[in-house]
Amino acid sequence: MQETIFSKIIRREIPATIVYEDEEILAFKDINPKAPIHILIIPKKIIPTVNDIEPSDAELIGKLVLAAKKIAKEKGVAENGYRLVFNCNKDGGQEVFHLHCHLLAGKKLKWEF
Ligand code: 5GP
């Protein structure tokens, strides 16, 4: 699988503000936040896009969403709410081809396309 800048963040070769880590998941602040809270939650395993998720990854993806839930609670936004987004490929606006979940929060989010 092709490495991206996110592999360098996992290996601490480039800096990032890490907010959560376990054996399989890493979460860090987005460098160009689109909301007051904008965190990327990634599997350490390289999965390029949602299209590449296999049934054998189901537990990993579940853990990733549970990590998002935990981070939202820690950041104090669970009650007011937040948005989880997976962009996929060109029309989805995906720029980094290492699966990631955007956690966006801290204001009332709009729904525009
Ligand atoms: P995508 O458009 O692929 O769904 O989202 C990629 C996200 O990664 C973007 O929101 C972008 O700001 C973020 N990003 C790209 N490069 C870096 C980086 O080097 N460090 C951090 N923390 N975020 C990055």
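These numbers were taken from a predicted model, which means no experiment stands behind them. Below, all heavy atoms of this structure are taken into account, side chains as well, without hydrogens, waters or symmetry copies. For ligands, and for the atoms within them, numbers begin at 1 and follow the listed sequence.
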*Can you find an N/O atom of H102 closer than 3.5 Å to an N/O atom of ligand 1?*
yes
*For G93, take its heavy atoms, then give the atoms of ligand 1 lying under 4.0 Å from any of them.*
1 (P), 2 (O)
*What protein heavy atom sits nearest atom 16 (N) of ligand 1, and how far away is it?*
I5 CG2, 4.1 Å
_Return the closest protein heavy atom for atom 14 (N) of ligand 1 as residue, atom name and distance._
I31 CG2, 3.9 Å
*Hey, is F97 touching ligand 1 through its side chain, its backbone, both or neither, going by heavy atoms under 4.0 Å?*
neither
*asked:* With heavy-atom distances below 4.0 Å as the criterion, list the atoms of ligand 1 near F6.
replied: 8 (O)
*asked:* Below 4.0 Å from ligand 1: does a non-hydrogen atom of A16 turn up there or not?
replied: no
_Working to the nearest 0.5 angstrom, can you tell me the gap between D52 CG and I47 CD1?_
8.0 Å
*Under the 4.5 Å side-chain heavy-atom rule for ILVMFWY, direct or indirect, which residues accompany L104?*
V85, L109
*Would you mind checking if E3 and R11 are paired as a salt bridge, meaning a charged N to carboxylate O distance below 4.0 Å?*
yes
*Classify the angle between the aromatic ring planes of F6 and H100 as parallel (below 30°), tilted (30 to 60°) or perpendicular (above 60°).*
perpendicular
_salt bridge (Lys or Arg N to Asp or Glu O under 4.0 Å) between K45 and E24, intermediate numbers included_ = CA-CA 7 Å; K45 174 184 175 182; E24 296 171 286; over 6 Å; no
_Quick one, K63 and D22 - any side-chain contact, counting heavy atoms below 4.5 Å?_
no
*For V85 and ligand 1, answer yes if some heavy atom of the residue is under 4.0 Å from a ligand atom, otherwise no.*
no
*Test item: F28 and T17 side chains (from C-beta on) under 4.5 Å apart, heavy atoms*: no
*Output the list of atoms in ligand 1 that are nearer than 4.0 Å to some heavy atom of N32, sorted by atom number.*
12 (O)
_Contact between Q94 and V50 at the side-chain level, heavy atoms closer than 4.5 Å - yes or no?_
no
*With atom 4 (O) of ligand 1 as the reference point, say which of H100, H38, E95 has the nearest heavy atom.*
H100
*What residue and atom, counting heavy atoms only, is the protein's closest point to atom 9 (C) of ligand 1, and at what distance?*
D30 OD2, 3.3 Å
*In Å and rounded to the nearest 0.5 Å, what is the CD1 to CG distance from I41 to L66?*
11.0 Å
*When you measure from atom 22 (N) of ligand 1 to every protein heavy atom, which one gives the shortest distance, and what is it?*
K29 O, 2.9 Å
*Before accepting this row, confirm whether a basic side-chain N of the pair E23/K44 lies closer than 4.0 Å to the acidic partner's carboxylate O.*
no
*Considering the heavy atoms of N87, write down every atom of ligand 1 situated less than 4.0 Å from one of them.*
1 (P), 2 (O), 4 (O)
*Applying a 4.0 Å heavy-atom criterion (strictly less than), which segment of T17 is in contact with ligand 1: side chain, backbone, both, or neither?*
neither
*May I ask you to list the atoms of ligand 1 that are less than 4.0 angstrom from any heavy atom of K34?*
10 (O)
*asked:* Can you check which of V96, I9, I39 brings a heavy atom nearest to atom 15 (C) of ligand 1?
replied: V96
